[in-house]
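One structure is given below, encoded as structure tokens.
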Amino acid sequence: MNIEQLIENFDSKNTTAIDISDMLLKGNFSATDQSKFVEYALQKGKYIQLDAVLSRMSASNMLLKHSTLSKSKVHDNLQTMLLILGEGINWKIVYPLLFACCYADNKSELSNWQTSARKLLFSLASKDFDLVFNLLTNYDPQFRTIDTLLSANKDKAIQKLLDIFFESDVYVSAKRAVRQILLRYSDIFVDYINKNYFSYSYTHKILLCNLLLSHSHNAKAKLLLQDIIESDKGFISSQFATKLYPLPKFKNMPTKRYSFTFKDSKRAVKIVDDIEIVFDVNDNFVPLNTNNAKLVQPIFMSEYQIFCKELEHRLNYLNAAMIRGYNFELQHFLQCLNDHFFAKVAESILFAQFKDCQIKDIFVINNGKFHNLENKKIELSDLSVVILHPVNLPKKYEYLKQMDIVQPLYQLSRPVFVADQNEKATNTVKRFKGKMIKFCDIKKASFGFANIKKMQGCLYTKVSDTIIKYDCINMEKDIITLGGISFYKSYNVTFYGSIPQFKKSIVSPIAEVDDKIFSESLRVVCG
């Protein structure tokens, strides 16, 4: 029997895989003939039939027939089988088989080769990454085997996927597949963008920000977007800020039923029927009229608890916006003011508009109207709105801090810290050296920053693109003894996983550290 007859039998419905494998073993076929048979099966896409034939081949017989093969070779390995049966085979026609094996259904015979096919692809990708990626786009358009490329080179795989996403002539289905893969490997994608964001063009930055928005379920992605908005203000449109900091989903509280004021450390809630209820800062009920206290408390307590939760929601939103320097797009800001409680809280807060990094207007809200600090009515320009941080309060308005202004937001009464000449000269803050403070107090005070983390000999956190490092003289259980405080740009810090390496990093000059970040970093530990 010659190879042509064997192939003819292979095509016949009356010949089984057992028959073909016996013919191959017993027949005196040359290596060229064997290769011809394998190539024919591959070209015809008869992967399952070929699998059945190869699975029937006896490892011992094959090793005897090919004495040059090492006995350590496992015969159920796809690469070994193909080399045994088809010496000198054209590997270009093997590639589709590899991908067919990689994403074969578990019930398919091809799934037996899944592990070895992935190993073979990984081996190929390690030698020629571009070749395997091109094969992937041809034979696996849904990128189901992308993990083999990620294993070979994570950064290169992510960049190749982004190249497809950026390409204008690529089919929408391919871009959709890329988006789904990046969502599946969200952490790897976000880490890559964190390292390479500033190397992209204007157009690609826009696309990347939209991609990151789709990863908003990922805490790292959300933090990265916040950093981009704050550190790349010259580029990022306020539309991304609006999407990242959307108007909170406040519950619709009945505005006719409630009105409220802040009375020093107490909250007063006035109900429509002229019953006034006061709660202290710990939400303890303070009856103003003992005659109706018993009646009022059970009726309104449950509703008041909802009220407090919603009020706290708004205050936290505003507080975080002030600390992180969030810019409200004007339309977004006006939309927030449509919320009755939000507008009421905002009446005791100082807002500002900046132009060319300089304060254009500082204003307050009174009955829905905007007034400057001379109590003159003003119209807001199209510039974005920020909650004024006290470090930016002009000296001529310092007297406001001395006035008894009750604010639900920790704003005018907030401690402000400014770097002195010695700190600017040494680039280290040592004014709190030796101070002992509880770690839980530091974490509580650092609201608005990235989570403060411990590592050997220091604490570190991040706000915008600045990493703040708190050296520690001693760390015993929950008590921290502070040393110096220094600042680093995140791109100057080397990370091993999530652990930063500061030894070879460049310390940022304190004179160049944002005043708000400097002040907030010291407020966290001032106690």
Side-chain angles (χ1 to χ4, degrees), residues 142-143 146-147 149-150 153-168 170 172-249 317 320-321 323-329 331-332 335 384 386 448-451 453 461-467 489-495 497-498 500 514 517:
Q142 297 301 312
F143 300 104
I146 191 68
D147 55 320
L149 287 175
L150 288 166
N153 190 324
K154 277 190 278 193
D155 286 356
K156 201 167 184 180
I158 294 295
Q159 186 52 55
K160 285 280 189 181
L161 289 170
L162 288 175
D163 288 343
I164 293 175
F165 192 79
F166 293 151
E167 182 59 52
S168 57
V170 172
V172 173
S173 58
K175 293 189 177 186
R176 191 180 295 118
V178 168
R179 182 186 288 271
Q180 290 302 315
I181 289 298
L182 294 177
L183 280 170
R184 192 197 307 169
Y185 295 97
S186 192
D187 282 345
I188 297 173
F189 167 67
V190 173
D191 287 343
Y192 181 79
I193 299 305
N194 195 21
K195 290 186 292 185
N196 299 284
Y197 170 78
F198 285 99
S199 65
Y200 289 102
S201 67
Y202 175 90
T203 305
H204 289 172
K205 282 181 178 180
I206 293 286
L207 291 171
L208 284 174
C209 284
N210 275 316
L211 261 179
L212 284 169
L213 282 166
S214 66
H215 291 249
S216 57
H217 63 283
N218 184 303
K220 290 165 69 176
K222 192 165 185 177
L223 187 61
L224 175 57
L225 264 171
Q226 290 169 349
D227 290 346
I228 288 172
I229 287 169
E230 292 167 16
S231 59
D232 203 8
K233 288 176 182 174
F235 151 71
I236 290 295
S237 163
S238 58
Q239 63 175 311
F240 293 112
T242 307
K243 290 177 182 177
L244 182 62
Y245 295 89
L247 181 66
K249 293 181 180 178
Y317 180 78
I323 292 169
R324 297 193 65 84
Y326 166 52
N327 290 266
F328 288 87
E329 185 184 6
Q331 291 304 315
H332 182 210
Q335 184 186 0
S384 58
V386 299
F449 286 18
N451 287 336
K453 296 180 181 177
T461 184
K462 182 181 178 185
V463 59
S464 187
D465 66 338
T466 302
I467 293 177
K489 291 295 181 185
S490 55
Y491 49 77
N492 284 335
V493 177
T494 303
F495 279 84
S498 61
D514 180 81
I517 292 175

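In this chain, numbering begins with 1 at the start of the sequence shown. As the structure is a computational prediction, the values presented were derived from the model and not from experiment.
- Here Asp147 pairs with Arg118 under the side-chain hydrogen bond (donor to acceptor under 3.5 Å, both in side chains) rule; sequence neighbours left out.
- For Val190, the side-chain contact (heavy atoms from CB on, under 4.5 Å) partners at least two apart in sequence or on another chain are Ser186, Leu212, Lys220, Ala221, Leu224.
- Separation of atoms CD1 (Ile323) and CD1 (Ile517) is listed at 12.0 Å; rounding is to 0.5 Å.
- Of all the heavy atoms in Phe143 and Ala174, the pair that sits closest is CE1-O, 4.3 Å.
- Legend: salt bridge (charged side-chain N to carboxylate O under 4.0 Å, His left out) pairs involving residues 206-215, not counting sequence neighbours: none detected.
- You'll find the side chain of Thr461 stays beyond 4.5 Å of the side chain of Lys453, heavy atoms only.
- The side-chain hydrogen bond (donor to acceptor under 3.5 Å, both in side chains) test applied to Asp187 returns Asn218, not counting sequence neighbours.
- Once rounded to the nearest 0.5 Å, the distance linking CG of Leu211 with NZ of Lys175 reads 10.5 Å.
- The distance from the CG atom of Leu183 to the NE2 atom of His215 is 4.0 Å, given to the nearest 0.5 Å.
- Here the closest heavy-atom approach between residue Gln142 and residue Ala177 is recorded as OE1-CB, 4.0 Å.
- Residues Ile181 and Val178 have side chains not in contact (no heavy-atom distance under 4.5 Å, counting atoms from C-beta outward).
- Side-chain atoms of Leu208 and Phe165, non-hydrogen and from C-beta on, never get closer than 4.5 Å to each other.
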Show which side-chain atoms of residues 154-162 pair as donor or acceptor with protein atoms under 3.5 Å away, not counting sequence neighbours.
residue : atom : partner : partner atom : Å
Asp155  : OD2  : Lys195  : NZ           : 3.2
Gln159  : OE1  : Tyr192  : OH           : 2.7
Gln159  : OE1  : Tyr200  : OH           : 2.6
Gln159  : NE2  : Asp163  : OD1          : 2.8
Lys160  : NZ   : Asp130  : OD1          : 3.1

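- The side-chain hydrogen bond (donor to acceptor under 3.5 Å, both in side chains) check on Asp514 picks up nothing, with sequence neighbours excluded.
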